[in-house]
Amino acid sequence: MRTLLWRGSLAGALVCGIGLLPRLAHTDPALTVLKARVQDRDPDPEVLAAVRSQLRLDDGSLALLGRWLGGLPRGDAGRSWISGAEVGPTVLQALGASLLLMAVASLVAGCTAAVVCAPTLYRGGRTRPGGTGSAALAALPEFLTASVLATVVGVQLGWLPALGWYGPRYTLLPALALGLPAGAVLGRLLDDQLPGALAEPWVRAAAARGLSARAIAWQAVRRCLPGLLPNTALFVVGMTGGAVAVEQIFDIPGLGRTTLQAALAQDLPVLQAGTLALVLLAALAAGAARLGVRLLIGPALRDGAVPALPRPARPARRTTPLALAVALLTVLAAGLPRDPLAVDTRARLQPPSREHPFGTDALGRDLLARIAHGALDTLSLALAISAGTLLAGLLLGLLPRLSGPLVDTVNAVPPVLAALLVTAVAGGGPATPALAVAAVAWAPLAAHTSALLRQERAAEHLTATRALGAGRWYLLRNELLPAVVPAVTRHALLRLPGTALALASLGFLGLGAQPPAPEWGHLLAENQPYAERAPWTVLAPAAVLAVLGALAVTAAGGVGRSRRGTGAA
C-alpha cells in the first residue's frame, strides 16, 4: 500500500507540474496557442484576449488543473486547446500507434540481442565477448539510422514505405531504427552475465546427462533474465514515448510526437493526458517485469537459495580499446588546431581530401574541425553525466522501495519533454540538455542495481555469512557492493555513448546547442538534408560516435573481472 501511494504521489506530482508549466516558464499560453493555430496571425491584444476567454486562461493554472483532474473520473480528459478535439480519443489513437511500433521494435530488439549473445552461447562462455560490433550498433543515433533507412531502403531502393502510417508494412523501417540500438544494448547486458551462468556446475552435469547444447543455452539465458527484466521494461516504455525523432522522420502519429507537439504549443490537456498514459504504461511494464522475476526465481528469492554466478577470469583484450582510443585521440589532435567556424563558400560539400580529411559541409566548413571541437563539449558532458548518474543509480538502487516507483515515473518522461520541463524551471542555456539527460539517465542504473541486489541478498553464501554473525554494514561493504558495483559500472560505461546520443538527439530536435556551435547532434541535424548527395557529412560524425561506443564497451569489459563470484553480475 505504501508503494502504491508513493507511486500515485509521484505520478500526480508529475502531471500537476506539467499543468503548472506556463506559470513555471513565465510564458503566456495564449500566445503559444495562437502561434500553433495560425502561425502568421498578428498577436494583437484583442486576439490574445479572445483566446484567453475561450480557454478560460484568466482563471489561473490551478483552476485549469483542478477542472482537468475533476473530469478524469468521468473519463473526460478535456479538449485540445489547439484543435478543439476531445483529448481522450486523440491520445488513445496515438498510444495505439506507439504500442504497435513498440511491439515490432521489441521483436527487432530481441532478435538483435540474440545475435549479439550467439557467439557466447555457441562457445559455452569460454571466450571473452568482443562487443565491438554491437557497441558500434548501439552507438548509432536512432534519428540517423532512421534517416538512412528512409533514404536508402525507402526512397532509393523502394523496398518499404518511408513515410506515413497506413499499415503493418509502415512499421518495419521505424522499428528497425528503434530496435537495433536497443537490442545491441540489451544483448551486451545479457552477454555480460552469460559466462557466469555457463560456468556453473549444473552446465557440466546437464552436458554429462546428454542435454542438448540448445537446451543448455536456453537455461543459461533463463538463469540471467531476472537481472535483465527491469531494464527491459524501461526499454519498452522508452521505445513507446521516447521515439520522438523517429516518429518525426517517418511521420508517425505516435504518442511521443503528440506529446512533443503539445509541449511546444503548451496544449496542456493533451500533454497531461499523454504523460499520464506513459506513466500508467511504465507502471504496467514494471509490474510485468516483477511478475516475470517472481515466476523465474521467486521461490529461490524467498528462501535465500539463489546461487551466486561465478565470474571466470578472462584475459582482457587491451589492443582493441587501445586502438580505438588512439583513433579517437587522433581525430581530436588533427581537428582541434583547425577553425570550426571558418566559412568558405567556394568549398561547399567537398568530399574528403588531403586538405579536408572528413570533407566540408554546406557552408564550406571543415568537418574534421567541427567534429573535434564538438567532441570536447559532447564527451566532457557525457562523462560528467555518466559519473553522476552512476553514483545516483547506485545510491538509489540501495533503496528499492523508494527508487522503484521513482524509476518507473522518471522513465515515463521522454528526454525531450524533460528538456522542456527543465527549460521551464531553470531557463534555457547550454546546461539545459545536460540537466535534462541527467534527470532521466540514472533510472536504468538504479533498476539494475536493485535487481542485482535483490538476487545477491538471497544468495546462499550471504545467508551463511549472516549466520556467522556478520552485521548489515559488513555485508554491504564486503559482500553486496563488491558484487554489484562492477556490473553496474560496466553498465554505465555501456551507456556512455547513449548519453552522448541523448545530448545529440536534443540538439537534433533544436533543444540543445544552437548554431553555429559544432555540437554532434547539431552537426547531424544540419547535414541530414545533404546525406544523399554528400554522405560524408553525416557518416563522419556517425563514425566517431561508433568509435566512442566501441571504446566504451571494450573498456568496460575489463572492469571488475576476477575469479571471485560477483553475485548476479
Side-chain angles (χ1 to χ4, degrees), residues 136-137 139-160 162-163 173 176-177 181 245-246 248-251 327-379 433 497 500-501 503-549:
L137 182 60
L140 288 178
E142 294 173 350
F143 55 85
L144 178 60
T145 307
S147 299
V148 172
L149 290 174
T151 302
V152 177
V153 180
V155 177
Q156 294 182 349
L157 300 178
W159 290 347
L160 291 169
L163 191 66
L173 289 184
L176 286 172
V246 174
Q248 290 276 73
I249 292 172
F250 288 99
D251 195 24
L328 191 60
L329 290 175
T330 301
V331 171
L332 295 178
L336 287 178
R338 299 168 178 256
D339 186 0
L341 303 179
V343 175
D344 184 5
T345 55
R346 296 171 298 178
R348 296 176 64 251
L349 298 178
Q350 291 294 315
S353 60
R354 179 176 297 181
E355 185 179 359
H356 303 288
F358 284 1
T360 61
D361 63 6
L363 295 178
R365 295 173 296 192
D366 185 74
L367 280 176
L368 176 60
R370 293 183 65 76
I371 291 173
H373 284 267
L376 292 180
D377 295 334
T378 303
L379 291 181
L501 290 183
L503 295 170
S505 298
L506 293 178
F508 175 81
L509 294 170
L511 299 174
Q514 299 301 315
E519 193 265 338
W520 282 356
H522 179 63
L523 283 180
L524 292 168
E526 68 182 4
N527 291 320
Q528 183 190 1
Y530 311 100
E532 189 172 351
R533 59 174 174 151
W536 56 86
T537 58
V538 293
L539 290 179
V544 177
L545 271 174
V547 169
L548 172 63

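The shown structure was predicted, so the numbers you read here are calculated from the model rather than taken from an experiment. In what follows, residues are counted from 1 in the order of the sequence shown. Below, all heavy atoms of this structure are taken into account, side chains as well, without hydrogens, waters or symmetry copies.
- The two atoms that bring A146 and V246 nearest to each other are CB-CG2, 4.3 Å, heavy atoms only.
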Checklist entry - How far apart are the C-alpha atoms of L328 and L379, what are their side-chain angles, what is the distance that settles it, and do they pass the side-chain contact (heavy atoms from CB on, under 4.5 Å) test? => result CA-CA 11 Å; L328 191 60; L379 291 181; 4.3 Å; yes
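- Here the CG-OG1 distance, from L363 to T345, works out to 8.5 Å after rounding to the nearest 0.5 Å.
- Applying the side-chain contact (heavy atoms from CB on, under 4.5 Å) rule to P535 yields the partners L539; only residues at least two apart in sequence or on another chain are considered.
- Here the CZ atom belonging to R338 is positioned 10.5 Å from the CG atom belonging to L367, to the nearest 0.5 angstrom.
- Of all the heavy atoms in G154 and A162, the pair that sits closest is CA-CB, 3.8 Å.
- Although no hydrogens or angles enter the test, the distance criterion places a donor-acceptor pair under 3.5 Å between the side chain of T360 and the main chain of L349.
- For the pair R348 (side chain) and A362 (backbone), a donor-acceptor distance under 3.5 Å is present.
- Annotation: the span from E355 atom CD to D344 atom CG amounts to 8.0 Å, rounded to 0.5 Å.
- To the nearest 0.5 Å, the span separating CH2 on W536 from NE2 on H356 amounts to 12.0 Å.
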Next on the checklist: Using side-chain contact (heavy atoms from CB on, under 4.5 Å), reason through D366 and D339 one step at a time and then give a plain yes or no.
Outcome noted: CA-CA 8 Å; D366 185 74; D339 186 0; over 6 Å; no
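- Note that CG of L149 and CH2 of W159 are 11.5 Å apart. Values are rounded to the nearest 0.5 Å.
- Remark: of the listed residues V544, L336, V331, V331 is the sole one forming a side-chain contact (heavy atoms from CB on, under 4.5 Å) with L368.
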Next on the checklist: One pair to check against side-chain contact (heavy atoms from CB on, under 4.5 Å): R370 and L341. What are the steps and the verdict?
Outcome noted: CA-CA 8 Å; R370 293 183 65 76; L341 303 179; 3.9 Å; yes
Next on the checklist: What verdict does the side-chain contact (heavy atoms from CB on, under 4.5 Å) test give for V153 and L173, after you've listed the backbone C-alpha separation in whole Å, the side-chain angles of each residue and the deciding distance to 0.1 Å?
Outcome noted: CA-CA 8 Å; V153 180; L173 289 184; 3.8 Å; yes
